[in-house]
Amino acid sequence: MRSRRSSATRPAIDASGPVLDRGRLSADSLAAARALLGSRLVRAADDEMLGPSVGRIVEVEAYIGAADLASHARFGQTDRNRVMFGPAGIAYAYLVYGMYHCLNVVTGPDGDPAAVLIRAVEPIAGIEAMRARRVAARHPRRRTPVTDARLASGPGLVCLAFGLDRSLTGTDLCDPTAPVRLLAPDPAASPPRVVATPRIGIAYAGEPWASRPWRLLDADSPSVSGPARLRRG
DNA sequence: GCAAAGATTTGCT
DNA sequence: GCAAATCTTTGCC
């Protein structure tokens with residue numbers, strides 16, 4: 001039998017419910033970004049000691065079309081961004097600044113290069129696993145303690161907390177059996193208060209792309225990225 | 001083949 | 001507020 005106590009005292013992992021409908025992601029990419037906000041990111045257990053993790057997506061950014069000079073698709077199709085040109089619901093993960101990974105969900109019609117960056121997730125369950133993954137990843141230079149709400153409060157931190165890297169690219173996040181997948185919003189949860197701002201870290205793209213309000217966030221979440229002072233939207 | 005830049009995060013000045 | 005850490009991808013010679 002199983003260790004009687006750990007399973008009894010551990011809170012139930014709320015990873016239930018249907019996966020996010022692919023149709024919500026395959027039409028307009030801004031609508032897809034809006035649909036992703038409030039949806040849940042699930043990562044299955046990687047082994048017996050590290051259980052599954054679940055979090056609510058509270059911040060996203062849309063990258064739409066080859067004309068968007070902030071998008072990886074601005075170079076046309078390459079080995080790295082190939083999946084952006086494919087069907088919606090597929091994961092696109094890449095290494096940024098040589099040390100962090102970023103998770104995107106491919107959006108828009110098949111053949112139309114677009115993706116939505118998952119910038120921040122509010123932990124719901126499996127929080128100890130998230131903390132353990134960040135320790136296991138030997139998160140560099142981190143010395144101050146991290147609160148639960150800040151475990152995945154940035155695009156690089158989402159991948160650290162959920163143990164994701166570019167090997168995830170190509171995974172179908174709308175597949176209910178996938179090790180990493182998207183769930184529709186918890187029907188019991190209140191819908192996010194959506195605020196739109198310009199995207200972060202893309203000044204190089206110039207106007208009008210740098211000013212497009214394609215970053216969407218839940219203004220009531222404590223897990224939105226950035227310093228507390230700048231988290232108002 | 002080589003140089004430059006980057007959808008980040010953190011600690012220190 | 002600034003710069004370091006770190007390495008893949010992309011562009012250009």
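To find a chain, count down the sequence lines: A is the first, B the second, and so on, and within it residues start at 1. What you see below is based on every heavy atom in this structure, not just the backbone, and it leaves out hydrogens, waters and symmetry mates.
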Self-check item: Nearest-Å distance for atom pair CZ/P, residues A:Arg215 and B:dT8
Solution: 11 Å
Exercise. Inspect the contact between A:Asp175 and A:Arg22 and indicate whether a charged nitrogen and a carboxylate oxygen are less than 4.0 angstrom apart.
Key: no
Exercise. Could you tell me whether the phosphate oxygens of B:dA7, OP1 or OP2, come under 4.0 Å of any side-chain nitrogen or oxygen in A:Arg199?
Key: no
Quiz item: Are A:Asp148 and A:Arg131 within salt-bridge range, i.e. N to O under 4.0 Å?
Solution: yes
Exercise. Please answer whether B:dG6 and A:Tyr204 are stacked, defined here as ring centres separated by less than 5.5 Å and planes angled under 30°.
Key: no
Quiz prompt | Carboxylate-amine/guanidinium proximity below 4.0 Å for A:Arg56 and A:Asp218 | solution = yes
Exercise. Would you kindly give the CD1-to-C1' distance between A:Ile200 and B:dA7, to the nearest whole Å?
Key: 10 Å
Practice problem: Could you tell me the separation between the OH atom of A:Tyr94 and the C1' atom of B:dG6, rounded to a whole number of Å? | Solution: 9 Å
Quiz item: Any side-chain heavy atom of A:Glu122 within less than 4.5 Å of one from A:Pro222?
Solution: yes
Quiz prompt | Atom-to-atom span, CD of A:Glu59 to P of B:dT8 - whole angstrom | solution = 10 Å
Practice problem: Provide, to the nearest angstrom, the distance between the OH atom belonging to A:Tyr100 and the P atom belonging to B:dT9. | Solution: 7 Å
Quiz prompt | Consecutive Watson-Crick or G-U pairs in runs of at least 3, all under 3.5 Å, in which DNA chain C is involved | solution = B:1-6 with C:7-12, B:8-12 with C:1-5
Quiz item: Do A:Glu61 and A:Arg199 sit within salt-bridge range, that is, some charged N less than 4.0 Å from a carboxylate O?
Solution: no
Quiz item: Is any side-chain N or O of A:Tyr97 under 3.5 Å from a base N or O of B:dA7, one able to act as donor and the other as acceptor?
Solution: no
Quiz item: Which part of the nucleic acid, if any, lies within reach of A:Leu117 when heavy atoms closer than 4.0 Å are counted: base, sugar-phosphate only, or nothing?
Solution: base
Practice problem: Look at the side-chain N and O atoms of A:Arg119 and state whether any lies under 4.0 Å from the OP1 or OP2 oxygen of B:dT8. | Solution: yes
Quiz prompt | Aromatic contact, A:His101 with A:Tyr94 (centres under 6.0 Å) | solution = no
Quiz item: Rounded to whole angstroms, how far apart are CZ on A:Arg143 and P on C:dA4?
Solution: 17 Å
Quiz item: Are there more than 12 heavy atoms of other residues, nucleotides or ligands under 6.0 Å from atom CZ of A:Arg24?
Solution: no
Quiz item: If you measure from the P atom in C:dT6 to the same atom in B:dC2, how many Å do you get, rounded?
Solution: 23 Å
Quiz item: Can you tell me how far P of B:dT9 sits from NE2 of A:His101, to the nearest Å?
Solution: 13 Å
Self-check item: Heavy-atom side-chain contact between A:Leu173 and A:Val105 under 4.5 Å
Solution: yes
Quiz item: Which nucleotides of nucleotides 8-13 of chain C have their base under 4.0 Å from a protein heavy atom (B), which only their sugar-phosphate (S), and which neither (-), written as one string 5' to 3'?
Solution: SSSS--
Quiz item: Is A:Ser71 near enough to B:dA7 that one of its side-chain N or O atoms lies under 4.0 angstrom from OP1 or OP2?
Solution: no
Self-check item: Shared-cluster residues of A:Leu117, by chain and number - hydrophobic side chains joined below 4.5 Å
Solution: A:Tyr63, A:Ile202, A:Tyr204
